[in-house]
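Everything below concerns the one structure shown next.
Numbered from 1 within each chain, the chains take letters A, B, ... in sequence-line order.
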Amino acid sequence: MFALADCNSFYASCQSLFRPDLRGRPIAILSNNDGCVIARSKELKNLGIPMGMPYFELKPHIKKHNIAVFSSNYALYASLSARVHTVLESLALRSSVYSIDESWLDVTGIDAVQSFDSFGHHVRNEVFRHTGLMVGVGIAPSKTLAKTCQYASKRWPATKGVVALTDPIRIRKLLALQPIGEIWGIGRRLTAKLNVMGIETALQLADTDIRFIKKNFGVVMERTVRELRGESCIPMEEMVPAKQQIICSRSFGQRISEEHEMRQAICRYAERAGEKLRQEKQFCRHVSVFMRTSPFANEPQSSLSGTEKLLTATQDSRDIIAAAQRIIDRIWKPGFRYAKAGVMLNDFSPTRLAQLSLFDDQSPRPGSEALMSVVDKINQEGLGRIWFAGQGIEPAWQMRREMLSPAYTTRWDELPKAKIG
DNA sequence: TCTGGGGTCCTAGGACCC
DNA sequence: TCTGGGGTCCTAGGACCC
């Protein structure tokens, strides 16, 4: 049996946690660059503002509905997320973090002590008591069904935030009410394809012939269908799997047309990607760079990418930056207004050692590890910032975050203040 | 004027090998 | 004119997730 605990409107709740005056008001959280809406409070959802609405389309509604708008504040969300996960972890023998605001709990056998339903309420109360945040809880024999239950716990207030289902008849009743597009693992494309075949509810999908599904949609959807039937196919993951890819990409605050500006941006992303790589304690042998114009703009489009294989695996920012710059030498095309670019690292190994070719005389940089760890330490401990000159100082393309709230939980000078008396 | 970022897994097709 | 079968590895692209 699996339980899924998922925070209600997580980012919006993080904001209102330290601003009680915001409660009951519609709250919108914007993406990086203040581009579009990526999280909404219940009140904002009720206004019919969709996920992903561009900020400039939201603007006309702000005054009329008294909407509170925030730039994303990941320092705040990550810190509150850690608190929530710590509480959830303490409530079951086995658990795994699924996303910033969700965790799986293995609740097999818990019903020998208390009902799954009362366990779910216990989870809610504990998370609220320790963090001030609310979670919804879904409990079922497979992860896909637990997801479905968790949706139901949020959709119907009468459930009081907990839906636990073991009885096949009741499971079928719930599936009959769920459109396939809401099933975990069925996205937009597959929904359209299934609808054409006349399959519209989760129950219809669960009742479809399994061989037909496998033949037409592959093993992934086959697994989803089995899970909907109550057969657990996706196990708990106790170990955090090692990353296989690291990406650092951003949209620019202002379009880039000049090659030297693109080089600065790529330099910064390469450095940041290297920092993440070192945090993962990995070395990479594959560096890619991509850049593109805005697909929304009615203007000449360009989408460039290139990769370089390294002879020796590295985690040194200098190697990554150099490779990225060589890629730009190869792929750069002037005459476009680039909107976004990124650096991607692939092909990881836990050490620098790689198969050297017979005449390869590339030796690793001496002192690389020591230098990089000093750079990371300075940057991570808030002692200051140190960076490679290639990325420029206060460049115009830097991302916009004009409505940033304080980092209430991670910076001493931004702690919330309370007035007494 | 203004539309996010960071991941995973699977599959099909090509290169290459015996 | 005739032109196998099977395997591996790699990559690009497509689907999904939060």
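- Note on A/Arg337: only backbone sugar-phosphate atoms sit closer than 4.0 angstrom, heavy atoms only; bases stay farther off.
- Residues A/Asp316 and A/Thr314 bring no donor and acceptor atom of their side chains to less than 3.5 Å of each other.
- Across all strands, A/Arg255 comes closer than 4.0 Å only to sugar-phosphate atoms, never to a base (heavy-atom distances).
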Its dot-bracket string being built from Watson-Crick and G-U pairs below 3.5 Å, with | for another strand and [ ] for crossing, DNA chain C has the pattern ....||||||||||||||

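- Mapping A/Ala242 and A/Ser294 onto DNA chain B by nearest heavy atom places A/Ser294 closer to the 5' end of the strand.
- Under the side chain to side chain donor-acceptor pair (under 3.5 Å) criterion, A/Thr86 pairs with no residue at all, not counting sequence neighbours.
- Using a 4.0 Å heavy-atom cutoff across all strands shown, A/Asp101 reaches sugar-phosphate atoms only and no base atom.
- Contact annotation for A/Phe296: base contact, defined as any heavy-atom pair under 4.0 Å involving a base atom.
- Identified under the salt bridge (charged side-chain N to carboxylate O under 4.0 Å, His left out) test for residues 247-264 of chain A, with sequence neighbours left out: A/Glu259-A/Arg263, A/Arg263-A/Asp329.
- Every residue two or more places apart in sequence or in another chain was checked for a side chain to side chain donor-acceptor pair (under 3.5 Å) with A/Asn298, and none qualifies.
- Residues satisfying the side chain to side chain donor-acceptor pair (under 3.5 Å) test with A/Tyr338, not counting sequence neighbours, are A/Ser302.
- Within residues 60-86 of chain A, no residue is approached by DNA chain B to less than 4.0 Å at the level of any non-hydrogen atom.
- Contacts of A/Ile246 with the nucleic acid, taken as non-hydrogen atoms under 4.0 Å apart, involve only primed sugar atoms and P, OP1 or OP2.
- Between the side chains of A/Glu280 and A/Gln315, no donor N or O sits under 3.5 Å from an acceptor N or O.
- A/Gln244 comes within 4.0 angstrom of the backbone, heavy atoms only, and of no base.
- Among the heavy atoms of the strands lying under 4.0 Å from A/Leu190 are primed sugar atoms or P, OP1, OP2 only; no base atom is included.
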Side-chain donor-acceptor pairs of residues 399-407 of chain A under 3.5 Å, sequence neighbours excluded:
from: A/Arg400; atom 1: NH1; to: A/Gly253; atom 2: O; distance (Å): 2.7
from: A/Arg401; atom 1: NH2; to: A/Ser72; atom 2: O; distance (Å): 3.3
from: A/Ser405; atom 1: OG; to: A/Gln15; atom 2: NE2; distance (Å): 2.9
from: A/Ser405; atom 1: OG; to: A/Asn73; atom 2: ND2; distance (Å): 3.1

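- Residues meeting the salt bridge (charged side-chain N to carboxylate O under 4.0 Å, His left out) test with A/Arg19, sequence neighbours left out: A/Asp21.
- For A/Lys59 and A/Tyr55, the positive end sits near the middle of the six-membered ring, less than 6.0 Å away and at most 45° from its axis.
- With P as the reference atom, B/dC17 and C/dT3 are 24 Å apart, rounded to whole Å.
- Note that the first and last nucleotides of DNA chain B, 5' to 3', having any atom under 4.0 angstrom from a heavy atom of chain A are B/dC2 to B/dT11.
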Would you tabulate the side-chain donor-acceptor contacts of residues 138-145 of chain A under 3.5 Å, counting partners in other chains and residues two or more places apart, or write 'none'?
from: A/Ser142; atom 1: OG; to: A/Leu145; atom 2: N; distance (Å): 3.2
from: A/Ser142; atom 1: OG; to: A/Glu227; atom 2: O; distance (Å): 2.8
from: A/Lys143; atom 1: NZ; to: A/Pro235; atom 2: O; distance (Å): 3.0
from: A/Thr144; atom 1: OG1; to: A/Glu227; atom 2: OE1; distance (Å): 2.6

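- Counting any heavy atom pair closer than 4.0 Å across all strands shown, A/Lys59 reaches no nucleic acid atom.
- Among the atoms of the strands shown, none is found under 4.0 Å from any heavy atom of A/Lys193.
- As judged by a 4.0 angstrom heavy-atom cut-off over every strand, A/Asn32 is placed among residues touching the sugar-phosphate backbone only.
- Residue pairs that meet the ring pair (Phe, Tyr, Trp, His ring centres under 6.0 Å) test with at least one member in residues 256-283 of chain A, sequence neighbours left out, do not exist here.
- Among the protein residues, A/Ile183 comes within range of the sugar-phosphate backbone only, with heavy atoms under 4.0 Å from sugar or phosphate atoms but none that close to a base.
- For residues 180-215 of chain A, the ring pair (Phe, Tyr, Trp, His ring centres under 6.0 Å) pairs, not counting sequence neighbours, are A/Tyr98-A/Trp184, A/Trp104-A/Trp184.
- Where A/Cys248 and A/Gly52 meet DNA chain B, the nucleotide closest to each residue was compared, and A/Gly52 sits on the side nearer the 5' end.
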